[in-house]
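What follows is a short report on a single structure.
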Amino acid sequence: LCESFSLYHLLPEIDQFLERLLQVRRVVLYDARRTGLSQRDVTFDQRGIDEDLAAVVAATGEQPAALWANGTYGPAAIRFAARHPESVDRLVLFGALARLSDAFPEAALRSFAELAKTNWPLAAQTFGDMSTRQADPAAGLRWGEVYRQSTTGEQFALSIAAAIAEDDDARAQLPDVRVPTLVMHRKGDTNVPLARGQEIAAAIPDARFVPVEGVISHYALGDQ
């Protein structure tokens, strides 16, 4: 939720992943509001997040587009695919959620927000270590630094407060997704349980579910 693509040069695994993907696709990345190169002093809510995605898709000048989302970006991508089938020709979800609280209960989010406000470097490293501590601790250090540089603890805490207030939930839109959909999920994902991915695939008509080996949530870490 808080990494900036402008810092991907610090993450060799991302460069490797994008280099392979760029051989077959044009790739458009953007920073979420309050993060990285995007505006900080803006409202962080579901409507704004959805409008940002729609604006980026429109700005590409190429529709329909393939839409990729992982983790907490899942709800916005699901809603967009359901509401704008003319703009999406395929949807790919990796380790994604349909509802934020399915993986991050309110108590955990409040703890994250408090830690972010009081000690952002420690909080950023904590997020970097999530699911990487045992499998790839060096990657956790890199990701922690990217999180730290991507935003501030205060901005992150404000985003968490907005997320708690809304509990971003796109489950109702899952049956309305009619574009070809691929759902991939690490079998041992320690952040977002495998069952969440299975539920998403089961609710989207004709979606394909592919379990992937590994425990690290991020698509670029481990087997790409």
Donor-acceptor pair, [X] side chain versus [Y] backbone, under 3.5 Å?
X	Y	result
T118	E114	yes
H84	R79	no
S6	G36	no

- Evaluate the criterion ring-ring contact (aromatic ring centres under 6.0 Å, His included) for residue pair W68 and Y30; output intermediate values, then yes/no. CA-CA 12 Å; W68 168 289; Y30 71 100; over 10 Å; no
Check this for me, if you would: do [X] and [Y] make a salt bridge, where the nitrogen-to-carboxylate-oxygen distance has to be below 4.0 angstrom?
X	Y	value
E51	R47	yes
E13	R142	yes
E213	K187	yes
R33	D52	yes
R83	D176	no

- Message: Tell me every residue that passes side-chain contact (heavy atoms from CB on, under 4.5 Å) with S217, counting only those two or more places apart in sequence or in another chain.
- Response: S131, D189, N191
- Query: Judged by modelled atom types alone, do S87 and Q63 share a side-chain donor-acceptor pair under 3.5 Å?
  - Reply: yes
- Task: Tell me yes or no: between the side chains of Q23 and E19, is some donor less than 3.5 Å from an acceptor?
- Result: no
- side-chain contact (heavy atoms from CB on, under 4.5 Å) partner of T181, the single match among L174, I78, L91: L91
Value rounded to 0.5 Å, distance of [atom1] in [X] from [atom2] in [Y]:
X	Y	atom1	atom2	value
E199	D102	CD	CG	6.5 Å
E3	T151	CD	OG1	11.5 Å
L18	R25	CG	CZ	14.0 Å

- Message: Let's go through F156 and W120 carefully: what are the C-alpha distance in whole Å and the side-chain angles of both, what is the deciding distance for side chain to side chain contact (heavy atoms under 4.5 Å, CB included) to 0.1 Å, and is it a yes or a no?
- Response: CA-CA 9 Å; F156 185 78; W120 176 233; 3.9 Å; yes
Are [Y] and [X] connected in a single hydrophobic cluster, I mean Ile/Leu/Val/Met/Phe/Trp/Tyr linked by side-chain heavy atoms less than 4.5 Å apart?
X	Y	result
L7	V27	yes
Y219	V183	no
L158	L100	no

- Message: Would you say that L221 contacts W143 through its side chain, given a criterion of any heavy-atom pair below 4.5 Å between the two side chains?
- Response: yes
- Message: Is the shortest side-chain heavy-atom distance between R90 and L67 below 4.5 Å?
- Response: no
- Item | Parallel, tilted or perpendicular: rings of Y8 and F5 (30°, 60°) | perpendicular
- Query: What pair of heavy atoms forms the shortest contact from A69 to A77, and how long is it?
  - Reply: CB-CB, 3.5 Å
- For R133, does the CZ atom sit with more than 12 other heavy atoms under 6.0 Å from it, leaving out its own atoms? no
